[in-house]
Amino acid sequence: MQYSEGVAAIGGIAEGLCYLTPVGPASLVTLSQAEMTIMISYEEMGTGSEPRKRGTAYLILSHGLPTTLGANMLGCSDQSRVTLELAIDASNELANVLTGNLLPLVYGKEREFQLSTPRMSPYPSSQMLDACSLTTEEGVLSWANVENG
Amino acid sequence: MSYKILIVDDSRIMREMIQRTVSLSGIAIESFDQAADGAQALALMKTKPFDLVLLDINMPVMDGEQLLTAIRKDETLRSTLVIIASTESSDTRIRRLRLMGAEFIHKPFRPEDLASVVARVAAPKA
């Protein structure tokens, strides 16, 4: 996946799903900058003879962004009404939609993938391949792929 | 005609977003119900009739494709209008879902896109 292609895709989804305002490419959200990391495991479906692709995708969100996601997706201007549960739910959904849209850019459109339920994760320690980061007016988000095998 | 609508998605926030969007679509709505997975949705559909089901694909317990299959196999449910809202991009899978009589909208969708699909599938047939 071309970096610019990934950033553009993240920007479109951040704006269309979560009403964030994209600014431009960014550096990877670091451990100290991250408020929340969401992971999704994926495995290619199908019965072809070619080895199936499998791995883990991560969405890393900078401080304040999970609450903003929750407020924006609920259509709620008062962020104090966004509980931790709702912030996690919003972050999970963004991770789900990003991964569903970015895996075809990484591996090609015709592969079908089964995605796990998104869940919170520690900041990933593995080498992150295909990492793209976007700065928005509301914070920074990074999507990264770690392929198994 | 007022529609009884079921929204099926494991994300509460997404269910709320979809409900809000459908409310703005212009179709007459009698009621909304929500379910967090396919199994919950199927159980609810067997106790109460729905005119339209909006569902996600990736869900725990029973996913959207399994739910759609179950709906089409059940004589009392098979004519239910179904719209799938998903990130699925495989043409093969989308074609398979459409052959099962489902309309498809790609996430993320703009409110006006979802409104347009809902209005199209919910329009009275001539």
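Below, read A as the first sequence line, B as the second, and so on, with proteins coming before strands; counting in each chain starts at 1. For clarity, every value in this text was computed on a predicted model and none was experimentally measured.
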Legend entry - Residues in residues 45-59 of chain B that sit under 4.5 Å from chain A, counting heavy atoms only: D56(B), N58(B)
Legend entry - Non-hydrogen side-chain atoms of K107(B) and I13(A) separated by less than 4.5 Å: no
Inset, instruction - May I ask whether Y3(A) and L59(A) are part of the same hydrophobic cluster, defined by side-chain heavy atoms of I, L, V, M, F, W, Y residues being less than 4.5 angstrom apart, directly or through others? - result: yes
Inset, instruction - Check each of R111(A), K109(A), E112(A) against T92(B) using the side chain to side chain contact (heavy atoms under 4.5 Å, CB included) test, and report the only one that passes. - result: E112(A)
Legend entry - Inter- and intrachain pairs under salt bridge (charged side-chain N to carboxylate O under 4.0 Å, His left out), touching residues 55-73 of chain A, at least two apart: none
Legend entry - Which residues share a side chain to side chain contact (heavy atoms under 4.5 Å, CB included) with A115(B), sequence neighbours left out: S25(B)
Inset, instruction - Specify the closest pair of heavy atoms between A90(A) and I13(B), including all atoms of both residues, with the distance to one decimal. - result: CB-CD1, 3.5 Å
Inset, instruction - Find out if a path of hydrophobic residues (ILVMFWY) with successive side-chain heavy-atom gaps under 4.5 Å connects L114(B) to V121(B). - result: yes
Legend entry - Check ion pair R12(B)-E85(A) (N to O, under 4.0 angstrom): no
Inset, instruction - Taking E110(A) for its side chain and D91(B) for its backbone only, find out whether a donor-acceptor pair lies under 3.5 Å. - result: yes
Legend entry - Least distance between heavy atoms, T87(B) atom then G100(A) atom: OG1-CA, 3.4 Å
Inset, instruction - Looking only at non-hydrogen atoms, find the nearest pair between E93(A) and S11(B) and report the distance. - result: OE1-CB, 3.3 Å
Legend entry - From CE (M17(B)) to SG (C18(A)), nearest 0.5 Å: 7.0 Å
Legend entry - M14(B)-V8(B) co-clustered via ILVMFWY side chain contacts under 4.5 Å: no
Inset, instruction - Give, as side chain, backbone, both or neither, the part of D89(A) having an atom under 4.5 angstrom from any heavy atom of chain B. - result: both
Legend entry - Crowding at CD, E30(B) (>12 non-hydrogen neighbours, <6.0 Å): yes
Inset, instruction - Could you tell me which non-hydrogen atom of G16(A) sits nearest to which non-hydrogen atom of P108(B), and how far apart they are? - result: C-CB, 4.3 Å
Inset, instruction - With sequence neighbours excluded, tell me which residues meet side chain to side chain contact (heavy atoms under 4.5 Å, CB included) with E65(B). - result: D63(B), R93(B), R96(B), L97(B)
Legend entry - Co-membership, hydrophobic cluster, residues I5(B) and L77(B), 4.5 Å side-chain: no
Inset, instruction - Kindly indicate whether the side chain of V97(A), heavy atoms from C-beta on, has any atom under 4.5 Å from the side chain of H106(B). - result: no
